Each structure stands twice: as C-alpha cells, then as structure tokens.
Amino acid sequence: MIPNAAALLVLGVLLAEPVSRALASARWPALDPTGALLLWQAVGLAGGLALLGAGVSFGLAPLGPSLPAAVGALAGHLRRWDWPPGLGPWQLLALAATAALAARLFGVLGLAVTRTLRARRRHRDLLDVLATPWPAMAGARVLAHPLPVAYCLPGLRSRLVVSEGTLAALSPAELAAVLAHERAHLRERHDLVVLPFVAWGATAPWVPGMARAQVAVAALVEMRADDVARARAGHLALAGALRRVGGAATLSGRATLTSFSAAVSGRLDRLDRRLGSLPLALRLLPRLAALALVAVPTAVLLAP
Amino acid sequence: MAGLGELERAVMDVLWAAPAPCTARDVQDALAQRELATTTVLTVLGRLERKGLVSRTRDSRAHRYQASGTREDHIATLMADALAGAPDRGAVLVRFLGGMPPEEQAALRDLLR
C-alpha cells in the first residue's frame, strides 16, 4: 500500500497547487463555465480524497495488502482489544495528521455553513420587514435606497431583491436581464457551488492554489449566470444593465471602487466578444476529466 | 408567510411614526381597522424584538415598545451587506455585480453612513 499512498500524496499535492493554479489562469473556462465549474468541484473533491487517503493508506499499510483488507484487520484487532501489530510511531503520526486535516477541513466547512445560514436568516428577517413586495414581479422585493443593487438571498426561502436605484437606472429589458441573472444563481444553487471554496480558501490562504480557486469559482458562477441572462433577455439588455448598474456604483462611490468596476468590465468584454459555445467534443472534455479525477483516487483506495 | 411580513411592516410603521414608546394596546388602536387580537399584536412585537428592530422597556405595569433605529438606518445596513458582505460570508448573498475587495467595502460602508 506504500506505493498507493505515495501516488495519492503526489496527486493531492498536484491538485492543490499546480493544477489549481493552471485551471485558475486558463482561458477556456470563459467559453464553458459549467464544464469548468464541474472540473473545479472534481479537483476539490479528488484533492481532498487523495490527501486524506494517502495518510490513511500509509498509516494502515502494515495491516494488509489493500485499504479494505487493512480496515477489516484493524476492526478485528480493535474488537478483540489488542493492539494491531505493526502500528509504529510513523503510522500513528500519519493517522493523527490525517485526522487533524480532516477535522480542520470539515470543521471549517461546518463553521462556514453555520455562519452563512445565520447571516442569511438575519438578513432575510430584516428584509421581510424593510423591503416592500414588488407587485410586478412575483417573489421580488424592493429596497428603498438610491444606490443601485440587485441581489438574491439563496436558500430554501430565497429572496430576490432590487433597490429603487436599480429600478430607476434600468430599462424594463435590462431589469429582466438582471432578474434572469439572479434567478440563475438561485435555481442552480450557486451559493452551494461557491461555499466549499470560500471555506477552504479562508482556511489555507497561504496555499495560492486554494485562494485562486475561490476567486476563479466565484467568477465562473457570474459567467454562468450571465450566459443564462443573455439567453433569456438578450445580449444588449445584459450588457446595458452591467454598464449602467456597474457604472452607477462606481460614479456614486469613489475612485477606490476600481477593481469592482474592473470585474464588471471583464464581464462586459466577455459579452462583447460574443463567445459562441464550444463544439460538443470540447465540451465533453472537462466533464470526462472531472469524472476521471474523482474516479482515480476512489479506485486506488477501494481496490481489493 | 407574506401575511406576517406585511403585518410586521404595518406595526413598524406605527412605531416609526409614534412620538413616544408605545404599549401593545397603542399599536392595536393605531391599527384598529385591521381588528387584530391583542395576542397577535404581542406576537408580532415579540418577533420584531427578536429581529432587533424593536426594543422593549418596562414602565410601571405596561411594556412599552419603540423602534430601535430609523428605517433608513436598517436599510443602510442591508445595503452594506448586499454591496460588500464580510469575506467569510462569500456565499451568503449572490449579487449581480459580484464581490468587492475589503478596502472598497470600507469605503462603501462610509458612504452608506
């Protein structure tokens, strides 16, 4: 099992750093945000599985020729209350490190989920009192404020919110584009897609790959929602909305809002290049890669 | 629960318009045309208190309720949440215009004050 553990360790480290870095700076994801998002999920899942699997495989290697056999042997020893032979300090160290890593990853994720849900509930509680329902659009609410914002509160009891500033600034077609964008976020649960990367990016900010993954996934989710909005409301309406709302926020704010508007201009550029969709064969590629990425460490771990 | 939200808005409007802290009875009278039961008014006031929109003081025998902040204050809080949001809350809201770096969030918070 030692070669397996070594291979998994290499795979995990490759995914956490060089692969994440390469995927974050690749240009093709702009053409196929959905495929890229699937690949990111697979990179995250396979990376975690490989790193944790490497530690467990190394730690349990003296107990059997494969992980299922070793786990069976360990269970047998523990049931008879005798110390499994071959478990020395190195093995215990590896198992302890793995347990610590797992506790950290899931602990951080759990904390992020709790915080997110609490912040969302608090926001929704206030929103339901302070924002007025918008009769023209079922499920949408209007917030009386001149700055243009449009956002949604994801979850089982989701809310779609626009400010009076947005209503004043946008034409009906542009407003439809903004709402289609937000509805895409809600329907496809982009909050859940982003959440693990936000959590893990915050845990290991010193691993550049993880920090960049967070930024890349957030940008891809916007691209995906833009694609849906463009299909629903048209290219011109969406570009107009981005220009007006993005520009208005910059104008009414200060010169310091530069990278905020830089993100907007990146999205405008992408729309203006009117990217067509990739041919089917190329769209299959990231999806198959995602599948393979998850399948390989799973197979290595479970092989008898 | 759209009905409850609507009732909460109506009660807040009464408290925002009132010159002094109100008893549940005052609120009930102000909304007389709705013919609310006293327990309903108390329930709504309790919910608003939990949400941090209303504070309660005890004055000899009656509880008095008052709005804890103007409507504009609370809307500014929501706007700050919506436009910036703390970094560890990246998935709380999903915005049309995406996130904003911390130094810009600070500038925006100043702007919303």
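The structure displayed is predicted, hence computed values, not measured ones. Both backbone and side-chain heavy atoms feed into the values below; hydrogens, waters and symmetry mates do not. Naming convention: chains lettered A, B, ... in sequence-line order (proteins, then strands); numbering from 1 in each chain.
Once rounded to the nearest 0.5 Å, the distance linking CD1 of B/I75 with OG of A/S163 reads 10.5 Å. In this structure, CG in B/L42 is found 11.0 Å from CD in B/E49, a value given to the nearest 0.5 Å. The CD atom of B/E8 sits 5.0 Å away from atom CG of B/L48, with the distance rounded to the nearest 0.5 Å. In this structure, NE2 on A/H190 lies 11.0 Å from CD on A/E182, to the nearest 0.5 angstrom. Taken from CG in A/L127 to CZ in A/R159, the straight-line distance is 7.0 Å, to the nearest 0.5 Å. In this structure, CG on A/L242 lies 9.5 Å from CD on A/E222, to the nearest 0.5 angstrom.
Within residues 12-39 of chain B, the residues approaching chain A closer than 4.5 Å by heavy atoms are, in numerical order, B/M12, B/W16. Contacts between residues 50-63 of chain B and chain A, counted as heavy-atom pairs separated by less than 4.5 Å, involve B/K51, B/L53.
Under the 4.5 Å side-chain criterion, counting only non-hydrogen atoms from C-beta, A/L238 is in contact with A/L271.
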Please test B/R9 against A/D128 for salt bridge (charged side-chain N to carboxylate O under 4.0 Å, His left out), starting from the C-alpha separation and ending with a verdict. CA-CA 8 Å; B/R9 275 194 296 282; A/D128 285 354; over 6 Å; no

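Of the N and O atoms on the side chains of B/T40 and B/T43, not one donor lies less than 3.5 Å from an acceptor on the other residue.
Between A/Y151 and A/H181, the distance from one ring center to the other does not fall under 6.0 angstrom.
Residue A/L126 touches chain B through both its backbone and its side chain, counting heavy-atom pairs closer than 4.5 Å. Neither the backbone nor the side chain of A/L186 comes within contact range of chain B; no heavy atom of the residue lies under 4.5 Å from a heavy atom of that chain. Both the backbone and the side chain of A/A144 come within contact range of chain B, judged by heavy atoms closer than 4.5 Å.
Between A/D226 and A/R224, no side-chain nitrogen of the basic residue sits less than 4.0 Å from a carboxylate oxygen of the acidic one, so the salt-bridge criterion is not met.
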